[in-house]
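For reference, the structure discussed in these notes is given below.
Per chain, numbering begins at 1; letters A, B, ... match sequence-line order.
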Number of protein chains: 2
Amino acid sequence: MDVAAEAGVSKSLVSLALRGDDRVGEAARERILTAAERLGYRSNTLARSLVQGRTMILGVLLTDLANPYHTEVVAGVEESADAEGFTVLLAHGQRDRRRLGRQLESLLQLNVDGVVVISSWLDPAVLAEAARRAPVVMVGRPTAFSPGVDTVANDDEAGARAAVLHLAELGHERIAHLSGTGRPASRARDEGYRATMRELGLGGHTAVRPIGDDPPQRARAASELLGSARPSAVLAVNDLAALALLDQAHASGVPVPDGLSVVGYDNTTLAETVRPRLTSVDQPRLVMGRLAVRLLLERMGGRTGDRHEVLTPRLVVRASSGPAPGGTGATA
Amino acid sequence: MDVAAEAGVSKSLVSLALRGDDRVGEAARERILTAAERLGYRSNTLARSLVQGRTMILGVLLTDLANPYHTEVVAGVEESADAEGFTVLLAHGQRDRRRLGRQLESLLQLNVDGVVVISSWLDPAVLAEAARRAPVVMVGRPTAFSPGVDTVANDDEAGARAAVLHLAELGHERIAHLSGTGRPASRARDEGYRATMRELGLGGHTAVRPIGDDPPQRARAASELLGSARPSAVLAVNDLAALALLDQAHASGVPVPDGLSVVGYDNTTLAETVRPRLTSVDQPRLVMGRLAVRLLLERMGGRTGDRHEVLTPRLVVRASSGPAPGGTGATA
DNA sequence: AAACGAGCTTGGAACGTTCCAAAACCCAGG
DNA sequence: CCTGGGTTTTGGAACGTTCCAAGCTCGTTT
């Protein structure tokens, strides 16, 4: 270490001084700091991590950078991690199990101190295996619970329920559901939708149409839903699906919300840019991110039992939902 | 190293065997591999990087995760990095110089082999300093060139020019510009707009209105632009600005494109979701990402001179631009 | 029978830190 | 002038790899 030579002290003392240890004498500290400054010295994190056995890095693994839901969770993670002195690095796996696995492996190899997985695409077995090597929290509803992995999710059933109740309160009865493609969260929303329809005595009006993954499929699904027995309101599995629906409604000359009410899910920025502004179920994403970090810290602190946090979503009413055409407004 | 003991060989041989060196005898290799398998052994990347002096990691520093322009550049970076055997990790700085600096520092401390900066918010001096520690490529138009830093940008003047020519060809003369807030790219687009207007003899119709950063400011700027002397066409500094304009036009009952043509910039996914679909100038983002990696590799390979690549953008015509109201279509 | 070379294997140094026990220094008290 | 105790400083081990020069074990050549 050149700084040691430059300042005429041992490497040990340099190490102490640079870490701000107060056992270092005033004169020595002075010389060391100026020497380090002059030489532009930067301690090597790799070496430090090697000896300390930790990196002060939290890894975040996500499927989809373009998805604002994910990125807001990340914001929450970053906020808490910063406050605790951790650096956050993101690894991006796309919707590809293999790539996700590889990226997860990269993070673990880096010896990150914890991993937040924002994706339900990862194989539960892979997740469990990762949890044996480092604390792992999964944000979102898992396909199956993996032992050793904590989870933070929103209550999809409750979210769907709130949306259906809102629509029923506006007088709607023929409430349809533009559902997802079998991912865990979408299944739960579907379930919540069906249960609430039954609970309201609207079971007979239950109508579910799955939507595709790519834009053309989405458009077709939306158009079919608006076809023959058109519902007066639709709960979409997410904002993207709701958008496809709005688009299709516009194309077919169906006015929203006067001819059709639409409710989305996730309350992405999309909901606030689209016309008309979209009523949507909001997940507390920031809170979820912060919570994920707290769970990681608890694990590092020695907790062994698994925790599964479920947060309550909140309906944000905007312009895309209104009174049912024939109704007189509130009936419930 | 337990594997060595387990297989009854030296740690050196284990190291060789696991890296697939062909000098290792068949019997020993066999024993080592099964021992490693049984013990669930994973070599420690930190230690390897420490001795080899490189990490096979490329860092990407970005301002805004939520911006699809950025994330597509990232996709290009990842594609090329993967092909070259590098892992890509992202650090996210938000629009905050200090935070960006800290994140950059984190990446450098990790000893990444190269950094791609997708942000024009970073202080050029900080960038230059970073370039002294690792190869750095900046994607986007820099505030000022930093010695040692390569850049990859699109030709904003040319993009703005293409948009104006397109509108002029449709017969528009009163073409206004909803401009940005002084970032380098937006200044260049502004310049391209003005120059092209002059070139077409439309200098007298030049009208530039700056837009704000937050939604309410954007809305006001859009509304003012549509006020008194309403232009027949507008080039917006980016898709978000164009969106605000579309929104405002809708609110004031101005039909697009019949009463007003709008052209955006960046061709984000927004352009394909908004109604009407937005004509927009597309930057070759994937190519830019790939190019950034190539420049990094060249630096690692020993190149010393700086390179500044400028790519040509391409106008994507959609439904938001049409013939000028009074005109007969193509005039140019 | 000695020397050689090819194929495999090994021990120890090195990477740049932190950690720890021990050494050196200093000053006050006896 | 020695002793003790606190403060400051030090050398060497350790972290888990890779790298390198050197070693061993054969069978083959001279």
Side-chain angles (χ1 to χ4, degrees), chain A residues 1-57 85 87 105-113 133-134, chain B residues 1-57 85 87 105-113 133-134:
Chain A
M1 191 186 297
D2 326 352
V3 177
E6 180 83 5
V9 296
S10 73
K11 62 176 172 42
S12 306
L13 198 60
V14 171
S15 174
L16 284 178
L18 291 179
R19 279 177 294 159
D21 194 297
D22 56 359
R23 278 172 302 184
V24 180
E26 203 44 57
R29 149 169 298 121
E30 189 70 19
R31 259 179 307 139
I32 291 171
L33 291 186
T34 62
E37 175 73 23
R38 180 166 50 248
L39 298 177
Y41 170 79
R42 248 115 191 166
S43 86
N44 181 324
T45 319
L46 255 43
R48 188 202 342 281
S49 300
L50 182 60
V51 60
Q52 293 194 147
R54 56 179 196 162
T55 50
M56 295 305 282
I57 295 176
T87 296
E105 182 63 31
S106 296
L107 287 177
L108 292 172
Q109 292 241 339
L110 240 189
N111 281 21
V112 295
D113 293 338
R133 303 210 260 152
Chain B
M1 189 185 299
D2 326 352
V3 177
E6 180 84 3
V9 297
S10 72
K11 61 177 173 43
S12 305
L13 199 59
V14 171
S15 175
L16 284 178
L18 291 179
R19 279 177 292 158
D21 193 300
D22 56 359
R23 279 172 301 183
V24 180
E26 203 44 57
R29 150 170 297 123
E30 188 70 18
R31 261 179 304 140
I32 292 171
L33 292 185
T34 62
E37 176 71 21
R38 179 166 52 248
L39 297 177
Y41 169 80
R42 249 117 191 163
S43 85
N44 181 323
T45 318
L46 257 44
R48 188 204 338 283
S49 300
L50 182 59
V51 59
Q52 293 195 147
R54 57 180 195 159
T55 51
M56 294 307 282
I57 295 176
T87 296
E105 183 62 31
S106 296
L107 287 177
L108 292 172
Q109 292 240 338
L110 241 189
N111 280 22
V112 295
D113 293 338
R133 303 210 262 151

Rounding to a whole Å, what distance do you find between [X]:[atom1] and [N]:[atom2]?
X	N	atom1	atom2	result
B:L46	C:dT17	CG	P	13 Å
B:R48	C:dG16	CZ	C1'	17 Å
A:L50	D:dT17	CG	C1'	8 Å
A:M56	C:dT18	CE	P	14 Å
B:N44	D:dC15	CG	P	12 Å
B:L110	C:dG16	CG	C1'	15 Å
A:D2	C:dG16	CG	C1'	11 Å
A:D21	D:dT7	CG	C1'	12 Å

Identify, between B:R31 and A:A47, the residue whose nearest nucleotide on DNA chain C lies closer to the 5' end. B:R31

Between A:L16 and B:R23, the residue closer to the 5' end of DNA chain C by nearest nucleotide is B:R23

What's the closest nucleotide to the B:S15 side chain, out of C:dT18, D:dT18, C:dT10? D:dT18

Could you tell me whether the phosphate oxygens of C:dC19, OP1 or OP2, come under 4.0 Å of any side-chain nitrogen or oxygen in A:Q52? yes

B:R19 side chain N/O closer than 4.0 Å to the phosphate oxygens (OP1, OP2) of D:dC19? yes

Hey, are the side chains of B:T87 and B:T55 touching, using non-hydrogen atoms and a 4.5 Å cut-off? no

Answer yes or no: is there a side-chain heavy-atom contact under 4.5 Å between A:R54 and A:R48? no

Before you tell me yes or no, could you show the steps for A:R31 and A:E26 under salt bridge (charged side-chain N to carboxylate O under 4.0 Å, His left out), namely the whole-Å CA-CA distance, both residues' side-chain angles and the distance that decides it to 0.1 Å? CA-CA 9 Å; A:R31 259 179 307 139; A:E26 203 44 57; over 6 Å; no

Ion pair check, A:R19 and A:D21, cut-off under 4.0 Å: no

Using only modelled atom types and a 3.5 angstrom limit, is any donor from either the side chain of A:S12 or the base of D:dG12 paired with an acceptor on the other? yes

Could one point to a donor on the side chain of A:K11 or the base of C:dT18 with an acceptor on the other under 3.5 Å away? yes

How would you label the contact of A:R29 with the nucleic acid (heavy atoms, under 4.0 Å): base, sugar-phosphate, or nothing? nothing

Looking for any heavy atom pair under 4.0 Å, which part of the strands does A:R54 touch: base, sugar-phosphate only, or nothing? nothing

Take B:L13 and B:I32 through the side-chain contact (heavy atoms from CB on, under 4.5 Å) test and state the conclusion after the steps. CA-CA 9 Å; B:L13 199 59; B:I32 292 171; 4.1 Å; yes

